[in-house]
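Just so you know, ligand 1 is whichever comes first in the structure, and atom 1 is the first atom listed for that ligand.
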Amino acid sequence: MNFKLVVGWLYPELMSTYGDRGNIIVLTKRCEWRGIGVDIQMIDFKTVRKNIESCNVIFGGGSQDRQQGIVIDDLRTKKGPVLKELFEKGVPGLFVCGAPQLLGHYYMTGDGKVLEGLGIFDMESKHFGKSKPRCIGNTIAEIEAGFRVQGLGYRKTVVGFENHGGRTYLGAGVKPFAKVMKGCGNNGEDGTEGAVYKNCIACYSHGPFLPKNPHIADWLISKALEVKYKKKILLKQLDDALEWQAHEFML
Ligand code: GLN
């Protein structure tokens, strides 16, 4: 059987900072190396419902307050309902920094403007302006829930790079993605990094994130295939020597 995945990418021109595009390249290459076809579906202002419905995994990158302000109305009113339907069905997603801030209940920008979010993740984010320093630097965190894919390489750690002014506080409806070992994570206070809702991961790790964390890339691919084809599909182990070397180097 020829497997094929459609990777949805939220507002690529406005939401992609610190190498976030690398996550799309990783998802594409890791599928292609296994003979799985990939189409990239840009999700921006003109994208209609049926194109979003065709997506099997969704990625949203970071963006500064100004760009978040530009996309939020379109994202919430036009894309929000169909994205929610996909996520409820188990379609996986990875959302980095600025994207998850908008997928929570709200994000308060550095100048105090409240951007009402999609409410997919039970969490809220707030930028404290100049009263709190930005969180900048390389990060290490330990995954809390299981992201192991049968037969494939795994580490309990995830490594990344964070650069955000906003702080995120989780509600009871999400689980933290990981426990901070180095860096700020969600807010620099409670030791949490990111959030998980159904098969969607929110995190503050750019870097880009997936090249140095191939276990998470494969988890997303494996979930996308499982949901689309309604059965577990075993993934071939790739030669990840370089990827793990990068991961170990960061540790
Ligand atoms: N504007 C957000 C903040 O500063 C997100 C930044 C980002 O995506 N890197 O918190």
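- Proximity of V180 to T139: side-chain heavy atoms (C-beta onward) are nowhere separated by under 4.5 Å.
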Present, as a list of atom pairs with distances to 0.1 Å, all nitrogen or oxygen contacts under 3.5 Å between ligand 1 and the protein.
{"from": "ligand 1", "atom 1": "1 (N)", "to": "S63", "atom 2": "O", "distance (Å)": "3.2"}
{"from": "ligand 1", "atom 1": "1 (N)", "to": "D65", "atom 2": "N", "distance (Å)": "3.4"}
{"from": "ligand 1", "atom 1": "1 (N)", "to": "D65", "atom 2": "OD1", "distance (Å)": "2.6"}
{"from": "ligand 1", "atom 1": "1 (N)", "to": "Q68", "atom 2": "OE1", "distance (Å)": "2.9"}
{"from": "ligand 1", "atom 1": "4 (O)", "to": "R134", "atom 2": "NH1", "distance (Å)": "3.4"}
{"from": "ligand 1", "atom 1": "4 (O)", "to": "R134", "atom 2": "NH2", "distance (Å)": "3.4"}
{"from": "ligand 1", "atom 1": "4 (O)", "to": "G165", "atom 2": "N", "distance (Å)": "3.0"}
{"from": "ligand 1", "atom 1": "8 (O)", "to": "S63", "atom 2": "N", "distance (Å)": "3.0"}
{"from": "ligand 1", "atom 1": "8 (O)", "to": "S63", "atom 2": "O", "distance (Å)": "3.4"}
{"from": "ligand 1", "atom 1": "8 (O)", "to": "G98", "atom 2": "N", "distance (Å)": "3.1"}
{"from": "ligand 1", "atom 1": "9 (N)", "to": "N163", "atom 2": "O", "distance (Å)": "2.9"}
{"from": "ligand 1", "atom 1": "9 (N)", "to": "H206", "atom 2": "NE2", "distance (Å)": "3.1"}
{"from": "ligand 1", "atom 1": "10 (O)", "to": "Q101", "atom 2": "NE2", "distance (Å)": "3.0"}
{"from": "ligand 1", "atom 1": "10 (O)", "to": "G165", "atom 2": "N", "distance (Å)": "3.0"}
{"from": "ligand 1", "atom 1": "10 (O)", "to": "G166", "atom 2": "N", "distance (Å)": "2.7"}

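- By the 4.0 Å N-to-carboxylate-O rule, D218 lies close enough to R34 to be salt-bridged with it.
- Salt bridge absent: K89 and E53 never bring a charged side-chain N and a carboxylate O closer than 4.0 Å.
- With salt bridges taken as basic N to acidic carboxylate O contacts below 4.0 Å, one links R30 and D240.
- A side-chain contact (heavy atoms from CB on, under 4.5 Å) with L102 is found for exactly one of M15, R76, E116, namely M15.
- D74 has its side chain within reach of Y11: a pair of non-hydrogen atoms, C-beta onward, lies under 4.5 Å apart.
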